[in-house]
Asker: 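One structure coming up, written as structure tokens, with questions to follow.
Every chain is numbered from 1, with letters handed out A, B, ... down the list of sequences.
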2 protein chains.
Amino acid sequence: MRLSRLADYGTVVMGYMAGDPAAVHTATGISAAIGIAPPTVSKLLKILSRRGLLVSLRGSRGGYRLSRRPGRITVAEVVEAVEGTIALTECSGVMCRCSMEPGCTVQREWRQINRRLRGVLDGVTVADLARKRTRKGPSGRTPGAVAAKPDATVAVDHRS
Amino acid sequence: MRLSRLADYGTVVMGYMAGDPAAVHTATGISAAIGIAPPTVSKLLKILSRRGLLVSLRGSRGGYRLSRRPGRITVAEVVEAVEGTIALTECSGVMCRCSMEPGCTVQREWRQINRRLRGVLDGVTVADLARKRTRKGPSGRTPGAVAAKPDATVAVDHRS
DNA sequence: TAATACAGTACCAATTTAGTCCTGTATTGC
DNA sequence: GCAATACAGGACTAAATTGGTACTGTATTA
């Protein structure tokens, strides 16, 4: 259930750009700032601009800029731009390849879960990704309980 | 962000078994019922029993049985049993391999999202997976708004 | 006109994962 | 006791995905 690494990077890039929302950022500049290989960042930026999340400016002094205010671009949009879909299961659309009996109850629940997941991802904007915990951010929403807990308690097994 | 197919199958198997919670199910029987290849079902059942979600009974007349009431086994547990972790990002634990500045704000938000995702998955039990929409199920909770909408409106792009 | 920077596509390599098979062990029933 | 059933565990193979790179083309600025 991991995000593709590219989608993960996508949020990092957008978070970085949201730190200076009006500026025009070049691929090489972003690459140097966040420590991801230039061709990879470039690939990502192309995708994000093709999907309308970024505006690209060609030529000398060109680069990329957020197409909207960072508080108006959600993580769901970023993930969807890179991955194409927000869904944990394949049986989330109308047709399902699995040969279960009609009215598969498992599928019904998964659709509900996928819908809720989208809600979660829609609840976080790229402005949130950029906002430092102590300083007050530029956009309206407040992180609330998010900033409270340093979260040193979680211990996750990363293997498979 | 797709679940591994094995984890997806896991919910199907558990949902099927939850339809007859007290019964002892054999791997071949389950395989025939849900249309997944026997070795694959077998592999899955071994994993689920090793993780304590199922009880295995060896020998003739053996098989597998749910270790708890279906209303007490959540989808989160099933997914975690098969996949090992419930998290969309790698940077969800205490340590993170990415060389971002300390106090990476992106990571902070992802941790929050992952926590909420777990909440969503914890909100659905295998009893829900088995419950038919018209008949009243055996366990307490009601599907509520879930059953209302046949959901023929979603059109998801399955590629990539 | 030269330099900069994006656009698009194609390609290679590595990782992951699905799926199968084989050997071993426990339990039941004859 | 013996045969049949069914799970336990691990190894292995093949395929799909995806990460990352490179190359050619085009637009814009100085």
Side-chain angles (χ1 to χ4, degrees), chain A residues 1-10 12-13 17 23-32 34-65 67 79 82-85 88-90 97-98 158-160, chain B residues 1-10 12-13 17 23-32 34-67 79 81-85 88-90 97-98 158-160:
Chain A
M1 71 162 9
R2 283 280 160 66
L3 235 50
S4 73
R5 194 159 345 169
L6 218 51
D8 193 344
Y9 288 168
V12 176
V13 168
M17 294 178 77
V24 173
H25 303 265
T26 66
T28 53
I30 295 172
S31 166
I34 65 180
I36 299 173
T40 302
V41 172
S42 178
K43 183 183 194 173
L44 197 43
L45 290 167
K46 287 174 207 169
I47 293 170
L48 293 169
S49 80
R50 208 179 310 150
R51 295 287 198 269
L53 266 43
L54 299 177
V55 173
S56 72
L57 300 160
R58 310 236 277 201
S60 171
R61 303 192 56 186
Y64 296 90
R65 214 185 50 219
S67 67
V79 170
V82 180
E83 301 225 321
T85 304
L88 293 174
T89 51
E90 257 173 286
R97 91 267 168 263
C98 73
H158 278 173
R159 286 155 305 184
S160 174
Chain B
M1 71 164 6
R2 282 282 160 66
L3 235 50
S4 73
R5 198 166 331 179
L6 217 51
D8 192 344
Y9 288 168
V12 176
V13 167
M17 293 179 78
V24 173
H25 303 266
T26 67
T28 53
I30 294 172
S31 166
I34 65 179
I36 299 173
T40 302
V41 172
S42 178
K43 183 183 194 172
L44 197 43
L45 290 167
K46 286 175 207 170
I47 293 169
L48 293 169
S49 79
R50 208 180 311 152
R51 296 286 198 266
L53 267 44
L54 299 178
V55 173
S56 71
L57 301 160
R58 310 236 276 201
S60 172
R61 302 193 56 186
Y64 296 91
R65 215 185 49 219
L66 296 183
S67 68
V79 170
V82 179
E83 300 224 322
T85 304
L88 294 175
T89 51
E90 256 172 286
R97 91 269 170 260
C98 72
H158 278 174
R159 286 155 305 187
S160 167

Asker: Atom NZ of B:Lys43 and atom P of D:dC12: how far apart are they, to the nearest Å?
Answerer: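 Atom-to-atom, B:Lys43 to D:dC12, this comes out as 14 Å.
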
Asker: Measure the distance from CG on A:Leu48 to P on C:dA7 and round it to the nearest whole Å.
Answerer: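 Rounding to the nearest Å, CG of A:Leu48 and P of C:dA7 are 11 Å apart.
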
Asker: So for the helix from C:dT1-D:dA30 to C:dC30-D:dG1, with five pairs setting each end axis, what is the inter-axis angle to 10°?
Answerer: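 Here the local axes at opposite ends form an angle of 20°.
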
Asker: Less than 4.5 Å apart, any side-chain heavy atom of A:His25 and any of A:Val13?
Answerer: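 Contact flag for A:His25/A:Val13 side chains = no.
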
Asker: With respect to the phosphate group of D:dT18, does any side-chain polar atom (N or O) of A:Arg2 fall under 4.0 Å of OP1 or OP2?
Answerer: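 No.
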
Asker: Taking the side chain of A:Thr26 as heavy atoms from C-beta outward, which of C:dT20, D:dT21, C:dC6 is closest to it?
Answerer: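 Given the options C:dT20, D:dT21, C:dC6, the side chain of A:Thr26 is closest to C:dC6.
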
Asker: Rounded to the nearest Å, what distance is computed from the CD atom of residue B:Glu90 to the P atom of nucleotide D:dG19?
Answerer: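 Taking atom P of D:dG19 as the reference, CD of B:Glu90 is at 11 Å.
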
Asker: Please report the distance, rounded to the nearest Å, between CG in B:Leu45 and C1' in D:dA6.
Answerer: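 After rounding, the gap between these two atoms is 11 Å.
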
Asker: Using residues 54-65 of chain A as the side-chain source, report each donor-acceptor pair under 3.5 Å to any protein atom, sequence neighbours left out, with the distance given to one decimal.
Answerer:
none

Asker: Does A:Thr40 put a side-chain nitrogen or oxygen below 4.0 Å from OP1 or OP2 of D:dT21?
Answerer: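 For A:Thr40, the contact criterion (side-chain N or O under 4.0 Å from OP1 or OP2 of D:dT21) is met.
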
Asker: Over how many whole Å does the gap from B:Glu83 atom CD to C:dT17 atom P extend?
Answerer: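 From B:Glu83 CD to C:dT17 P: 8 Å.
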
Asker: Does a nitrogen or oxygen in the side chain of A:Ser56 sit under 4.0 Å from OP1 or OP2 of C:dA7?
Answerer: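 True: A:Ser56 side-chain N/O within range (under 4.0 Å) of C:dA7 OP1/OP2.
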
Asker: Is any side-chain nitrogen or oxygen of B:Arg50 closer than 4.0 Å to OP1 or OP2 of D:dG9?
Answerer: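 Answer yes for this pair, as a side-chain N or O of B:Arg50 is under 4.0 Å from OP1 or OP2.
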
Asker: Please tell me which of the listed nucleotides, C:dT25, C:dG19, C:dA7, lies nearest to the side chain of B:Arg58?
Answerer: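 For B:Arg58, the side-chain atoms sit closest to C:dT25.
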
Asker: Can you check whether A:Tyr9 has a side-chain N or O nearer than 4.0 Å to OP1 or OP2 of D:dT18?
Answerer: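 Indeed not, no polar side-chain atom of A:Tyr9 lies that close.
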
Asker: Assuming nearest nucleotide by heavy-atom distance, tell me which of B:Ser60 and B:Ser49 is located more 5' along DNA chain D.
Answerer: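 Result of the comparison: B:Ser60.
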
Asker: Which listed nucleotide (C:dA7, C:dG19, D:dG9) is nearest to the side chain of B:Lys46?
Answerer: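 Selected nucleotide (nearest to the side chain): D:dG9.
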
Asker: Specify the separation, in whole Å, of atom CG of B:Leu6 and atom P of C:dT16.
Answerer: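 Going from B:Leu6 (CG) to C:dT16 (P), I get 16 Å.
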
Asker: Report the distance from atom CZ of B:Arg5 to atom P of C:dT16, rounded to the nearest whole Å.
Answerer: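 Between P of C:dT16 and CZ of B:Arg5: 18 Å.
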
Asker: 5'-most contact on DNA chain D: A:Arg61 or B:Met1, nearest heavy atom basis?
Answerer: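 The residue mapped nearer the 5' terminus is B:Met1.
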
